[in-house]
Amino acid sequence: MARPDPHSVTDDAQPTTRHFEWDAAVDFASKRLTATVTLHFKEATKSPTPLDLDARALEVSEVSDLSGAALKWEALPVDAILGTPLRVHVPEGATGVRISYRTGPDASALQWLEPSQTHGGKQPYLFSQCQAIHARSVLPCQDTPARRVSYRASLSVPAGLVAVMAAAPVRSESKDGRTTFHFEMPQVIPPYLLAFAVGDLASKDLSPRSRVWCEPGLLASAAWEFEGVERHLAAAEALFGPYDWERFDLLVMPPSFPYGGMENPRLTFLTPTLLAGDRSMVNVVAHELAHSWTGNLVTNINAEHFWLNEGFTVFAERRILEALEGHEMAEMHAALGRNDLDESVARFEKAGTPELTKLRTKLAGIDPDEAFSVVPYEKGYLLLRALETAAGRANFDALLKSWLGKHRFGAVNTDDFIAHCEKTAPGLLAKVNALKWIDEPGIPADAPRAKSARLDSVKALTGTLPDAAAVSTWTAIEWQLFLEWSPRTLAADQLAALDARFHFSTAKNTEVHVAWLLLALQCGSDAVLPQVDAFLGRVGRMKYLKPLFTALHGRPSTAARAKELFAKNGARLHPIARQVIAGLLAK
Ligand code: BES
Ligand code: ZN
């Protein structure tokens, strides 16, 4: 027995799933999917064998082989992180298994929204979030990036609702008050990229290969915000090679979506907080698009090598940004990233878990949602920047392209990257002391530093009340840096004067608004508490929830308020966010 992934029961000695068919009916009343999945093996079994599948809270009714003959199966012991795996006893010569089941009402991947939680307020909404290990709460599968699968799917939904998937739509038909939408995903994907949404959805074309989906009332502003998507695609293709997924559609989610964006193939999911009205947050689109190469095409084999996914993607995101908006803009984002990184590293050190600041981690027994941090993103980015500087850009671009070419539609670990570097650029890793980055905690003292005149101008005014004229050219990113760099010692009247002059309380850019709320909370001000309450009642993006709840929870005067707010709003959060915030408040 050998398990390639500490977060999956997938076993190398057992059959490999290569394709599946999934047919699911969506029932909003019971908050369940009733479904059948047929898993097809890469090759027929040569002898009778157990097949261990990841599953969480699935209620299985029937398991058979492909001819319909019943197979023996049992649920394996429940594990708080892994779920309740399913063991199917597969006979010799089998090419697949079929499983009928329904999902649990609290499936960790799924959020079932009441009409009141949507923009239109009239129809319910359902969406999935399978990364890191939640696909198993939607269907029994080998839920590890070490096993890629293609699939066909159908989703039956109440008439009047639209189903979309991160796959190619094939057709739909209506009958007896239901509509069934059919999809096909011809490219092999890791299971965490399975994704769908059901709701009152409409779309608008942005380019021949991209359209934006969202609730009808948001369509005009979404189409405006993301109008430049084809330029992103063109810049990315120039850097990383042809786009392999045919379409790059966008889905603007309800506000409870727990991430900024999720790189579901062919259909990136985005938080509606990106709709700032000034395109100031489109770097998130660049990031999710970059995953089409780094992550979706070349995937980390398990969560212990997550930096190969997110670190590479942040690097690629900033290269796209540099191509479209210039070097300074990319450097500004790098500076924001460095600020987050330093905070995160300090937090891990304080918590006594500095090993989670290594790029290569050990995560057996650790929930990937709990281990999640900016470290793989920003420390990974810095290592790649250091390598790029040491190799020279042209050489490093070539190294990256050959890495992507060699492992496309594959799964990689850190040793694969080390071997690739040694082969294509002997001595390069040693030049930057890469093993220290990879296997030691913290940030090396010689890490690259962001440089730009725009950064200097922000730095010079940080901690002051600038004249409006001195900052007339500042954009959202300057303001975000200004607020994040501000000393946590500003007095109430200084905060009030800043807000009176620059209106952070009503900033349309959510990053700026949250940076303001955090600054005020961390300076001990209570003036923003009503704004914090309102924000936490509205938005479910974990990047904002975590620091805001941490700040409230950490101040004796507001610790009880944090718990009250969670009691009030917790039920409206996605199950992943609910669990993460509950864990944070229990500390
Ligand atoms: N794939 C991630 C989101 C994710 C990571 C979901 C781990 C579940 C587990 C996505 O690409 C991402 O990184 N989103 C960022 C956006 C950003 C760095 C621009 C986010 O949501 O903040
Ligand atoms: Zn990402």
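Only this structure's heavy atoms are used, side chains among them; waters, hydrogens and symmetry mates stay out. Each ligand, and each atom within it, is numbered from 1 in the order the structure gives.
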I'd like to know if the side chain of [X] pairs up with that of [Y] as donor and acceptor (distance under 3.5 Å, no hydrogens or angles considered).
| X | Y | result |
| --- | --- | --- |
| Arg148 | Gln187 | no |
| Tyr544 | Glu511 | yes |
| Thr313 | Glu310 | no |

Practice task
For the pair Asp143 (side chain) and Pro191 (backbone), establish whether a donor and an acceptor sit closer than 3.5 Å, ignoring hydrogens and angles.
Solution key: no
Can you confirm whether or not the ring centre of [X] sits under 6.0 Å from the ring centre of [Y]?
| X | Y | answer |
| --- | --- | --- |
| Phe127 | His574 | yes |
| Phe504 | Trp479 | yes |
| Phe315 | Tyr377 | no |

Practice task
Could you tell me how the ring of Phe312 sits relative to the ring of Trp307: parallel (under 30°), tilted (30 to 60°) or perpendicular (over 60°)?
Solution key: tilted
Fill in the blank from the handout: Sorted by chain and residue number, the residues with a non-hydrogen atom under 4.0 Å of ligand 1 are Gln129, Gln131, Tyr259, Gly260, Gly261, Met262, Glu263, Val284, His287, Glu288, His291, Phe306, Glu310, Phe372, Tyr377, Arg541
Handout entry: Working for salt bridge (Lys or Arg N to Asp or Glu O under 4.0 Å), residues Asp249 and Arg266
Key = CA-CA 6 Å; Asp249 294 338; Arg266 293 167 182 258; over 6 Å; no
Exercise for the section: Please report how many protein N/O/S atoms lie under 2.8 Å from the Zn ion (ligand 2). Expected result: 4
